[in-house]
Amino acid sequence: MSYVAIFMAWPYANGPLHLGHVAGNCLPADIQYRYERARGRRVLMCSGSDEHGTPITLTAEQMGVEPQFVVDKYHEINTKALADLGCSWVNPVDPRGPEFGGALYNRTSDDLHKEMVKEIFLQLLESGFLESKTMQQYCSINNDGSTKFLPDRYVEGECPTCKSDGARGDQCDNCGSTYEAHELLNPRSKLSPDSIIEVRDTNHYFLRLGDFQESLERHSSERQNVWKPNVRAMTKNWLDMGLRSRAVTRDIEWGIEIPLEGKDWKSKRVYVWFEAVQGYYTCAKIWAKRHASKSGHPLGEKAWEKWWKKSDGRDNTRHIYFMGKDNIPFHTIIWPAILMGLNASNKGEISHLSLPGDLILEDNVSANEYLLLQGGQFSKSRKHAVWLPSYLERYDADALRYYLSINMPETHDADFRWEEYVDRVNNELIGTYGNFVHRVMTLTHRIDSKEGNPLQDFDNPSNQTHIITEINKHIDSAISSMEKQRFKEALRSIMGIAQIGNSVLQEAAPWKYINQQDSKERSASLASLSLSWRICSCLAVCLRPFIPFSSDKLWKMLGNVNDIDLVLWEDSMDTSSDLSWNNEPPKPLFRRLDLEEILETESSLSDGGGAGNEEKDIRGDYIEFEDFMKVDMRTGKIISVDDHPNADKLFVIKIDEGNDSIRTVCAGLKGHYKESELVGQNVVFVANLEPRKLRGVMSEGMILAADDGEGGVKVLTTDGEINTGSRVR
RNA sequence: AGCGGGUUGGAGUAGUCAGGUUAUCUCGUCGGGCUCAUAACCCGGAGACCGGUGGUUCAAAUCCACCACCCGCUACCA
């Protein structure tokens, strides 16, 4: 029996998920989960919100609320967004039964998680893998006399070597010299620059990573053929530098308490990196306790052991982790070290090989690179992001799943561009796949039929074995890609099946024969259409992990009554069962996307309007003076205003910009102004904005207007007459 | 600055760790076909001295050295 555990790196509950998280983590994990199920394996998927750590306390402070409020809010938002994206967290127990597994999206503020983390802490402590050390840490002293330890990254000061200001951490940006983090001159807190800062001693526990160096090296060398180059390189780098102990506690109030007596430990918490990775393990146990045992798993609360403990029988268990590239060492070094430590505390010896009863180490750490947005990195503070919840409010989940799967940052950074998104969805998802399905459906529905599928009289798969063999080859290669977490390759193989389907139709040309009398040619042609019907079924099954919503739709449109998730990939090209039928007239699976419409929506969002309603974060949003001066704003007089021929909200406005020159600008002012109110106004416009077509009309700039976000819009005008073309600054 | 990664026809991308016959696939483009279908689909063609220079080798996109540019991490984002 095959057991597979899918682990997705825990999203930090400090904000909504964006498309980078989706492409790097959420989507690959869900695809793999659905795929493993479609191979008949027993799959458990675990992840959840990572809810501790300094950044969350800072967000809470900024919002003027408790940290729990912040994590509650984002846990809820993200849970819903993942469900809307079609990720499989919705069913905690596999519909086939609890012994087949399930999925739990938990959270690290869960009391059971906290308890288990404390147990693990004590177990590692008793086994000697944690050591206590005194370190120097910056501490800010508030006006009321209270003190607060500061993480190094929130402290800046002068470099002890070159005296340049703005140095942080343990290395100077200016001269490159290194020093201890607490050696900065005139340190100040970035959070409250006026506070007094001093260095104080503080006790902490450290995980003795060095103890695991040799075993980790062995483990790593065994994984060379499985890991992707980025994982190999990053891990090797850490191992080559030599592993040093890492603090597992820190001075902070938000987190899991240290399970030790003594006043000193009351003010400290478990370091979030040490605790969050344990979520993979605690989540499986919590799943067993809360879901599996209640649904009647034979092992009850011990159900988790099927996915976590090395068995002594023939059971085969694999662990696959999904994360972004910045998370690699936590999953190839730190987490395996913790697991080996737990195993060693039972058997007394550190080893990367697991004996029966041991917790098992990863089979693959599948780290993706980053998804960039229009060439730049996703950034919360710069509001350069497409947030998953807001995407899902406007667009289709499967379209996103398709585009991110076919363009996944598997081996290096990939770019999210709306142009490409529209292009690929329209051409590939809709053009090749959706259109194939629609051809088959509409053609079949045009054949006269008394009852059931009219193709059943023509079905003759034994004459088409070469095509069936070809399709099965595609399925096999998709399977072998999926076994290596190569999603792009797998999806391409499956899309190849739709292409085969299209050429089968092209060759058979059933549209010529549908209304003709019976003949040998007609029978042969409709036999091909019948095969195409079966190909649609096959596609629904194989595309299910990638685009679950439309697969489900197609499955029902085909009239299948069994559960699509119970059909295995290897059985998906079925030629033996009766042809299914659904009398409802077929509907297209997808709607074509309109690039101009999307760009218009997206640019109006990023222009300030409704975009950043998550938080008002004004700090850190400065631009350079030079950047501001790049914007060439000028005055002009509106000489004509016309309705845009193809848009509801746009006017096409001609502006006299001086020097006998006239400029055309599209402006979203319809509904706010009448044409006559605008003509003759002196307005301010951006003169050096790159011209862009808006719904078919070239717009050469942008008229400035104030927008209060609540429907009020007022154009900026000059206070009295001034020459057209005057520079505004 | 240190560390890591990248650079392959117009765009995106596979292949690089274990060197070896015509360098993969998708989009775009060009020509032809089809007209059932969501301006779609099918067939075919053109287009790359694999970032640069040098080296190792019978043989280099692949290994080595140096250089250029891009990105990430280090420094809250996967």
Side-chain angles (χ1 to χ4, degrees), chain A residues 8-12 14-15 17-26 28 53-56 58-59 151-154 156 168-178 190 224-225 227-230 232-234 236-238 240-241 322-329 367-372 375-382 385 406-407 409-415 417 419-420 423-424 426-428 430-432 434-444 446 486 488-489 491-493 495-496 498-499 501-512 514 529 586 588-592:
Chain A
M8 163 180 132
W10 291 51
Y12 202 52
N14 193 27
L17 292 166
H18 56 61
L19 299 193
H21 299 105
V22 175
N25 262 9
C26 313
T54 311
I56 282 170
L58 295 180
T59 301
D152 292 341
R153 62 171 173 262
Y154 294 115
E156 63 182 12
R168 281 172 292 176
D170 57 3
Q171 186 170 31
C172 176
D173 283 352
N174 190 47
C175 68
S177 65
T178 58
K190 293 181 73 183
Q224 291 304 299
N225 295 333
W227 284 349
K228 287 195 280 191
N230 57 352
R232 285 200 297 261
M234 184 73 80
K236 180 172 186 298
N237 191 238
W238 270 59
D240 289 352
M241 286 188 307
F322 293 94
M323 74 216 65
K325 60 178 162 187
D326 58 329
N327 240 325
I328 292 168
N368 273 341
E369 298 286 305
Y370 283 128
L371 181 74
L372 308 179
Q377 204 190 356
F378 276 74
S379 160
K380 187 174 154 186
S381 56
R382 279 178 288 131
I406 205 75
N407 188 32
E410 284 174 5
T411 52
H412 48 74
D413 293 348
D415 201 6
R417 277 178 295 154
E419 295 83 349
E420 200 192 333
D423 206 43
R424 299 201 83 132
N426 280 349
N427 285 314
E428 301 172 27
I430 302 180
T432 303
N435 187 45
F436 167 64
V437 168
H438 198 54
R439 295 172 87 184
V440 175
M441 291 294 141
T442 49
L443 284 167
T444 309
R446 279 172 50 196
R486 299 171 71 129
K488 290 200 273 199
E489 201 175 73
L491 183 51
R492 271 199 301 268
S493 296
M495 292 299 285
Q499 239 163 48
N502 274 317
S503 58
V504 166
L505 283 186
Q506 182 68 24
E507 178 119 351
W511 50 90
K512 287 184 187 163
I514 283 177
L529 183 56
L589 287 176
F590 309 97
R591 197 173 57 87
R592 279 181 70 84

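Lettering follows sequence order; numbering is per chain, from 1. Since the model is a prediction, treat every value here as computed from it, not as a measurement.
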Task: Over 12 foreign heavy atoms within 6.0 Å of CD, A/E419 - done: yes
Task: Sidechain-backbone polar pair: A/N25 side chain, A/P11 backbone, donor-acceptor under 3.5 Å - done: no
Task: Value in whole Å for how far the C1' atom of B/C70 lies from CG of A/D415 - done: 13 Å
- [ ] Measure from the side-chain heavy atoms of A/D413 and tell me the nearest of B/U26, B/C77, B/C71.
- [x] B/C71
TODO: Would you classify A/I406 as touching base, sugar-phosphate or nothing, given that sugar-phosphate means primed atoms plus P, OP1 and OP2, and contacts are heavy atoms under 4.0 Å?
DONE: nothing
Task: Nearest-angstrom distance, P atom, B/G31 to B/C67 - done: 48 Å
- [ ] Pick the C1' atom in B/C77 and in B/G19, then give their distance to the nearest Å.
- [x] 40 Å
With the criterion being N/O to N/O and under 3.5 Å, what pairs connect the protein with nucleotides 28-32 of chain B, and how long is each?
unit_1, atom_1, unit_2, atom_2, d
B/G28, OP1, A/N427, OD1, 3.2
B/G28, OP1, A/N427, ND2, 3.2

Task: Length of the CD1-C1' vector between A/I430 and B/C41, whole Å - done: 15 Å
- [ ] Report yes if some heavy atom in the side chain of A/K325 is under 4.5 Å from a heavy atom in the side chain of A/N368; otherwise report no.
- [x] no
Task: Atom pair CG (A/L19) and CG (A/L371), whose distance is rounded to the nearest 0.5 Å - done: 6.5 Å
Open item on the list: Without decimals, in angstroms, what is the distance between A/M234 CE and B/U74 C1'?
Closed with: 10 Å
Open item on the list: Need one value for A/E507: base, sugar-phosphate or nothing, where a base atom within 4.0 Å counts as base even if backbone is also close, heavy atoms only.
Closed with: nothing
Task: Options B/A14, B/U38, B/C36, nucleotide nearest the side-chain atoms of A/R439 - done: B/C36
Task: Candidates B/C42, B/U38, B/G12 - which lies nearest the side chain of A/N407 - done: B/G12
Task: Side chains of A/I56 and A/Y12 in contact at under 4.5 Å (non-hydrogen atoms) - done: yes
Open item on the list: Contact between A/V440 and A/L529 at the side-chain level, heavy atoms closer than 4.5 Å - yes or no?
Closed with: yes
Open item on the list: Distance check, C1' atoms only: B/C58 and B/A11, in whole angstrom units.
Closed with: 38 Å
- [ ] Rounded to whole angstrom, note down the P distance from B/U29 over to B/U22.
- [x] 31 Å
- [ ] Report yes if some heavy atom in the side chain of A/L589 is under 4.5 Å from a heavy atom in the side chain of A/H438; otherwise report no.
- [x] no
TODO: Give the nucleotide from the list B/C36, B/C71, B/G12 with an atom nearest to the side chain of A/R424.
DONE: B/G12
TODO: Answer yes or no: is there a side-chain heavy-atom contact under 4.5 Å between A/R439 and A/Q506?
DONE: yes
Task: Side chain of A/T432 - closest among B/C43, B/G5, B/C41 - done: B/C41
Task: Whole angstrom value for the distance that separates P of B/G72 from CG of A/N230 - done: 16 Å
Open item on the list: Can you check the distance between B/U57 and B/A75, where both ends of the measurement are the C1' atom (answer in whole Å)?
Closed with: 45 Å
TODO: Classify the nucleic acid contact of A/G20 as base, sugar-phosphate or nothing, counting any heavy atom under 4.0 Å across all strands shown.
DONE: base
TODO: Confirm from the modelled atom types if A/R232 and B/C17 form a donor-acceptor pair under 3.5 Å, side chain to base only.
DONE: yes
Open item on the list: Mind checking if A/R492 touches a base, just sugar-phosphate, or nothing, with heavy atoms under 4.0 Å?
Closed with: sugar-phosphate
Open item on the list: Can you identify which nucleotide, out of B/A14, B/G72, B/C42, has its nearest atom closest to the A/R486 side chain?
Closed with: B/A14
TODO: Just name whichever nucleotide pairs with B/C73, Watson-Crick or G-U, keeping both distances under 3.5 Å, else none.
DONE: B/G2
- [ ] Round to the nearest Å and state the distance from A/E420 atom CD to B/U26 atom C1'.
- [x] 10 Å
Task: Taking every non-hydrogen atom, the tightest pair across A/M441 and A/P586 - done: CB-CB, 3.4 Å
Open item on the list: Let me spell it out: for each of A/H412 and A/G24, pick the nucleotide of RNA chain B with the closest heavy atom. Which residue's pick is nearer the 5' end?
Closed with: A/H412
TODO: With the side chain of A/D326 defined as its heavy atoms from C-beta on, choose the nearest nucleotide among B/C77, B/G72, B/U38.
DONE: B/C77
Task: Within-4.5 Å side-chain heavy-atom neighbours: A/I406 and A/K488 - done: no
TODO: Write down the partner of B/C66 under the Watson-Crick or G-U wobble criteria, each distance required to be under 3.5 Å.
DONE: B/G52
Open item on the list: Applying a 4.0 Å non-hydrogen cut-off, can you work out what A/I56 is touching in the nucleic acid: base, sugar-phosphate, or nothing?
Closed with: nothing
Task: Side chain of A/P588 - closest among B/U38, B/G33, B/C43 - done: B/U38
- [ ] Check whether any side-chain N or O of A/T411 sits under 4.0 Å from OP1 or OP2 of B/A14, and answer yes or no.
- [x] yes
Task: Gap in Å between the two P atoms, one belonging to B/A61 and one to B/A48, rounded - done: 16 Å
Open item on the list: From CD1 of A/I328 over to P of B/U74, roughly how many Å is that when rounded to an integer?
Closed with: 13 Å
Open item on the list: By the 4.0 Å heavy-atom rule, please label A/F590 as base, sugar-phosphate, or nothing.
Closed with: base
Task: P-based separation of B/A23 from B/G6 [nearest Å] - done: 23 Å
Open item on the list: Strictly by Watson-Crick or wobble contacts shorter than 3.5 Å, is anything paired with B/U29, and which nucleotide is it?
Closed with: B/G45
Task: Contact nearer the 5' end of RNA chain B, comparing A/K325 with A/R417 - done: A/R417
TODO: Look through every strand shown and name the nucleotide pairing with B/C36 as Watson-Crick or G-U wobble, where both distances are under 3.5 Å.
DONE: none
Task: P-based separation of B/G2 from B/A18 [nearest Å] - done: 28 Å
Task: Distance in angstrom units between A/L589 CG and B/U38 P, rounded - done: 13 Å
Open item on the list: Nearest whole Å is fine: how far is B/C41 P from A/H438 NE2?
Closed with: 14 Å
Open item on the list: Strictly distance-based, threshold 3.5 Å: is any side-chain N or O of A/D413 a donor or acceptor partner for the main-chain N or O of A/Y370?
Closed with: yes
Task: Watson-Crick/G-U partner (both atom distances under 3.5 Å) of B/A59 - done: none
Task: Given B/C41, B/U38, B/U35, the nucleotide with the shortest approach to the side chain of A/Q506 - done: B/C41
